[in-house]
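Scroll down for the structure; my scribbles are underneath it.
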Amino acid sequence: MSDAFAARASEWDANPVRAAMHRAFYELVLRTAEENGGLDGRSVLEFGCGTGALGLRLAGHGARLTFVDTSPAMLEVLRGKLELEGAPRATVLEGDIARLSVGTASQDLAVTLMALHHVPDIVPMLARLRSLLRPGGLLLAGDLFTEDGSFHADGSAAHNGFDPEAMRAMCGEAGFAVRRLLPFHVLRRPDATGTMREYPLFFLAASPA
Ligand SMILES: C[S@@+](CC[C@H](N)C(=O)[O-])C[C@H]1O[C@@H](n2cnc3c(N)ncnc32)[C@H](O)[C@@H]1O
């Protein structure tokens, strides 16, 4: 399978617009986790982890991370960071989570940022994440609100963001109760024509129903 992120992986973290998004999502995830018992000793699965910009910060609070991604290039960057940081309580899984062996009801938190819009069938993916959560666990997701398709002008995404009501309905179908769905950040970047654009992102917190 070709790696759609191969050309960008080594420069992924250097983009300041992306770094600001990572920071904003991390702060919200941390606050939400703290409201729900904290991160120390908790098992956290990051789906579509890329270079680990989020999960490595969570590991810094004592969480045991399982990183999952389909991109060998993104995971190579992550593995390099893990070697440098010597983060012993992390597992890295390469592949589609639908086919990877992760224990049912084994995770306290599932987190994901900007990965769901790459997944064609959202409900089965949400149901899979739901199956990995312990009772009382949480899914914390960040992604694009519906946009006009200019975010991925090359057509590489499966969805041009998500309508919040449609996302609520898909969560319900997958066995989640939505606790929060709110705007949390705006990505500002030029589109393919060079025009500066704003892409609002949502934060979703959901627990097994
Ligand atoms: C836009 S990147 C976001 C990476 C990271 N979460 C971040 O915010 O920097 C989307 C990531 O999701 C991964 N991805 C897409 N579909 C996936 C799937 N079915 N299973 C696992 N990872 C997937 C891609 O390889 C890519 O690393």
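In each ligand, atom 1 is the first atom listed, and ligand 1 is the first ligand listed.
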key: Side-chain hydrophobic cluster, 4.5 Å single linkage: members besides F5   = W12, M74
key: Residues that, via side-chain heavy atoms closer than 4.5 angstrom, fall in one hydrophobic cluster with M196   = none
task = Report all protein residues having a heavy-atom distance below 4.0 Å to some atom of ligand 1; order the list by chain, then number.
result = F5, W12, H22, F47, G48, C49, G50, D69, T70, S71, M74, G95, D96, L113, M114, A115, H118
Please output the side-chain donor-acceptor pairs of residues 96-105 that fall under 3.5 Å, not counting sequence neighbours, one pair per line with the distance.
| from | atom 1 | to | atom 2 | distance (Å) |
| --- | --- | --- | --- | --- |
| D96 | OD1 | A98 | N | 2.9 |

inquiry  = I'd like to check F176 versus L204 (side-chain heavy atoms, cut-off strictly below 4.5 Å). Are they in contact?
reply    =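 Contact flag for F176/L204 side chains = no.
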ask   = So, D108 side chain and S43 main chain: donor-acceptor pair closer than 3.5 Å or not?
value =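 The answer is yes, because a donor-acceptor pair under 3.5 Å joins these two groups.
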task = Report the residue from T70, L75, T66 that forms a side-chain contact (heavy atoms from CB on, under 4.5 Å) with L93.
result =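 Going through the options one by one, the only one that passes is T66.
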